[in-house]
Chemist: 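For reference, the structure I am asking about is given below.
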Amino acid sequence: MPVSDETPVDLAPVLESFPSLEVEKGTGALITQPALVLEVVQFLRDDPRYRLDYLSNVTGIDYLATVRKEKRVNEEGKTEIVKIDEPPRMDVVYHFYSMSEKRGLVTLKQRITDRDRPVATSLMPLFRSAEFQEREVYDLFGIDFQGHLDLRRLLMWEEFEDFPMRRDYVEPDDYEYEPTPHGEVLEKAKTHAGLGEGGSEE
Amino acid sequence: MTMESSVVAGSEPTVEPRGFELIEREGLETNLLEVSMGPHHPSTHGVFRMDVKLDGETVTELRPVFGYLHRNHEKLAEDMGYLGSMPFTDRLDYFCSMTNNWAYALAGEKMIDLEVPERAEYVRVIMAELTRLVNHIMLVGFFVNDLGALGTPLLYALREREKILDLFEWASGARMMCNYMRFGGLRNDLPEGWLTKCREVVDAFPYFLDEYEKLLVENEIILVRTQNVGVLKPELAINAGITGPMLRASGVNYDLRKVDAYGVYDRFPFRVPMGEVGDCYDRFMVRILEMRESIKILRQAMDELPEGPIMGEAPRVFKPPAGEIYGRIEGPKGELGFYLVSDGTAKPYRYRVRPPSLVNLTVLEDLCLGHKVADAVVILGSVDIVLGEVDR
Amino acid sequence: MEDPSKSTTSEAHTLSDSVDLDDATRSEMEKAGVIVSSVDWLYNWARSGSVWPLQFGLACCAIEMICSAGSRYDIARFGSEVFRPSPRQADLLIVSGTVTKKMAPQVVRIFNQMPEPKYVIAMGACAISGGPFKQGYNVLKGIDRYIPVDVYIPGCPPRPEAVLHSLMTLQKGIRRQRTLGKGSNNPAYVEGNREYPVPSFSGKDLDPPYNPEVWQPPEKRPNMPEDGCP
């Protein structure tokens, strides 16, 4: 494996200062509520133990309600499969590095539990690099960033109503029939009863 | 629609929002002029739009408008297997398909802890540095084109680019959309005689650079038009997430080839060129100097290229365990990152490209304010954007 | 049985019919020192040799279009090196790359702004049908849904040689056009300046999703199996 100059970051000090933070299992990401995120990020940016002065990447993830199956060992020592209901949620993911100290990656996630009206806190007051990337998340996921100074659609046009990167987005039906070996396209073509008269507008 | 002006982090807005109020000046009543540059404009390097407000010829407000090449790369990737997205990465930054391939392959390899054979790593370095040459030479061509030197420097750049594209075509089968790298290695080995030809091209390149520098670097018009134009301070550059040559032109030493030392970059001694002022001239010169360093790396990589397999023990179906990964490389334009979230199936749950071009445009307004509208064109040229990557 | 083509020629012998003089006869006569020409022939010869494309790049294909103007491929050999930035001065719109829905109104507007006679080349898979990005929510599935296309270049992206070939194909087409006389088949002179309605943005898609004057969704062929593989 390549040698890296980036030193990994010890998360203990920030967890000590903010006891409500959680560390996600498996990924090691910090999970925070939107109300707390500005304080946490300011701490990460200004504390000499971190100095994470470079916000690299901002993005969103949409999770629909699912049922997750997990193997657990119960009290009798047997493994059993437990079904856990996962409520719908949205995450805004931030990736931080330190340019001055050459420190490695800290992933921070704002967890939004209300998927119907997602509201997050903008990091634009602290990091300019969040400006366009948060606008993109607003555009594609419909997450409202409180404190963003210029929250408009970034990629789609202003009149556009949907949020296309959400998992339940239904795209406009502008397919035409074409001979193809792809099953999905054929399924779509079958639904086009009125081909040739009006096309995609239903 | 509110037209709030953007701010530097933690400070007051840099410009007061201005409507169409009249400005009193020496008895003349003047109005602010609103100009929409683009999406079809010869200087915007594609389908990019800038909504500019001008006081006379001076830029008082500039709003970039994106999305004219939004091709839904991320949404499409969620619907196909991991490897299926590899040819789509070619079309992100269409000058640099090889580095895009590498960034994506790197993220995938991190996900399943895949070892890449030595020879493949060396070939990747060779391809990436050739790509850097292509990108920087085209950037310089277009940049000088924006300054008004229509044709000649760009034609020289195109001529040199063709030689490198021939190498790409020979190795991968395609001129631009190479689709050459795979998770765990490369699609195919270098053809016989490729190295000899590559050596010829690389050996001839410094002579071309000498000629090019002689033509451009001390040209009076270029000096006047680019020096002290669009100065980017290092504090703002770091805060705004600027990466790549643009960051280093502002005097911040941050090159992922040194910092992350991904691949086998720790074996090559090379210098990181940096600017002092952070103006357009520095950005232009940093690229020229970077090409010289790339040639150094190329020579060494070709000398040390080991024999051996080109493909690691990659699984037939790429099906990473549930989890997430952020992999990044130093692309010719800056930090190109891929953020992959897996739910344990053969398709990514979330696939995100961290586009250097888009983030580098964050400071475009700050750079252009107070300059003439003709300088805005030059500043945009020095940022080095490719719309396929900005909009994805 | 009477040849139908003969009857039409005898019906009206207009000036434009002299275009029908086949190339072999023409070159034979030229060898003998006789230059036979018509206004149409001369006019088409001149304008096919100086097609001015619009300097209009959309995506990846634009780079290959620029390459074809470079010194190796040199589109100047075919009289088309003058890339004009303004649509008012251009004859040829090369739609070079993916047309997104956000961009489609602008492309139609640019086509409308070009003066007649004007031609369109759809360059690359994306401009033809959406190409690899066809399933995208913001990708127009072919520019021919809104404006008429004269030449299609397949490829992703097409090589510069293909761009040159498309230009030569267009030139052949231009030379076949008739302007004067009854049998005029040059739409520029028959219909006046062609302008097509510019689609507007709506909440989900472009409105209208295609221009029915220019394009209709293909009919499903009756005897074709579902997957298209006989």
Side-chain angles (χ1 to χ4, degrees), chain B residues 36 38-49 65-77 79-80 84-85 87-88 90-95 97 134 138 141-142 145 150-152 154-163 165-166 169 174-177 179 386-388 391-392, chain C residues 54-64 66-74 76 81-87 90 93 95-107 109-111 113 124-126 130-140 155-162 201:
Chain B
S36 166
H40 161 58
H41 190 278
S43 78
T44 53
H45 298 234
V47 280
F48 178 62
R49 192 174 118 205
V65 182
F66 307 94
Y68 292 101
L69 196 53
H70 179 45
R71 300 193 276 199
N72 331 123
H73 180 57
E74 292 176 2
K75 185 82 177 175
L76 294 179
D79 265 354
M80 60 180 102
S85 296
F88 284 85
D90 289 337
R91 289 155 181 84
L92 277 175
D93 171 358
Y94 31 79
F95 281 117
S97 60
V134 168
M138 287 308 285
F142 281 123
N145 204 44
L150 290 173
T152 316
L154 183 61
L155 289 180
Y156 280 12
L158 280 169
R159 186 189 69 193
E160 292 308 306
R161 178 174 178 259
E162 288 291 338
K163 291 177 188 163
L165 290 195
D166 279 353
E169 188 178 0
R175 277 158 56 84
M176 281 172 70
M177 307 303 173
N179 187 15
V386 159
L387 265 292
D391 296 340
R392 281 153 292 132
Chain C
L54 183 68
Q55 186 183 344
F56 174 60
L58 280 170
C60 332
C61 292
I63 309 301
E64 290 295 60
I66 296 168
C67 269
S68 66
S71 43
R72 183 191 269 186
Y73 300 101
D74 199 9
E81 78 277 21
V82 197
F83 280 85
R84 301 316 318 193
S86 164
L93 174 65
V95 184
S96 53
T98 318
V99 187
T100 59
K101 284 175 186 167
K102 194 168 178 178
M103 191 63 198
Q106 274 79 337
V107 178
R109 202 167 285 139
I110 284 172
F111 178 81
Q113 285 173 353
C126 293
F133 299 96
K134 180 161 185 149
Q135 296 179 8
Y137 49 86
N138 192 25
V139 176
L140 187 70
C156 186
R159 298 177 59 90
E161 291 96 323
F201 296 128

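Just the heavy atoms: all of them, side chains too, but no hydrogens, waters or symmetry mates, feed the values below.
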Chemist: What distance separates Ser86(C) OG from Leu54(C) CG, expressed to the nearest 0.5 Å?
Modeler: 7.5 Å
Chemist: Where does Ile110(C) contact chain B at under 4.5 Å (heavy atoms): side chain, backbone, both or neither?
Modeler: side chain
Chemist: By a 4.5 Å heavy-atom criterion (distance strictly below it), what part of Pro105(C) contacts chain B: side chain, backbone, both, or neither?
Modeler: neither
Chemist: In terms of heavy-atom proximity below 4.5 Å to chain C, should Glu74(B) be classed as side chain, backbone, both, or neither?
Modeler: neither
Chemist: Which atoms of Ala59(C) are under 4.5 Å from chain B, going by heavy atoms: the side chain, the backbone, both sets, or neither?
Modeler: both
Chemist: Surrounding OH of Tyr156(B) (heavy atoms of other residues, nucleotides or ligands, distance under 6.0 Å), is the total greater than 12?
Modeler: no
Chemist: Would you say the rings of His70(B) and Phe133(C) are close, in the sense that their centroids are separated by under 6.0 Å?
Modeler: no
Chemist: Highest number of heavy-atom pairs under 4.5 Å with chain C: which of His73(B), Arg159(B), Lys75(B), Arg175(B)?
Modeler: Arg175(B)
Chemist: Quick check on Gln106(C) against chain B: is it the side chain, the backbone, both or neither that has a heavy atom closer than 4.5 Å?
Modeler: side chain
Chemist: Is it the backbone or the side chain of Ala104(C) that comes under 4.5 Å from a heavy atom of chain B, or both, or neither?
Modeler: neither
Chemist: Applying ring-ring contact (aromatic ring centres under 6.0 Å, His included), can you list everything that pairs with Phe66(B), at least two apart in sequence or on another chain?
Modeler: Phe132(A), Phe48(B)
Chemist: Tell me, for Leu76(B) versus chain C, whether the close heavy atoms (under 4.5 Å) come from the side chain, the backbone, both or neither.
Modeler: side chain
Chemist: Can any side-chain N or O of Ser85(B) pair as donor or acceptor with the backbone N or O of Phe88(B) at less than 3.5 Å?
Modeler: no
Chemist: Donor-acceptor check, side chain of Arg71(B) to backbone of Arg91(B), threshold 3.5 angstrom: yes or no?
Modeler: yes
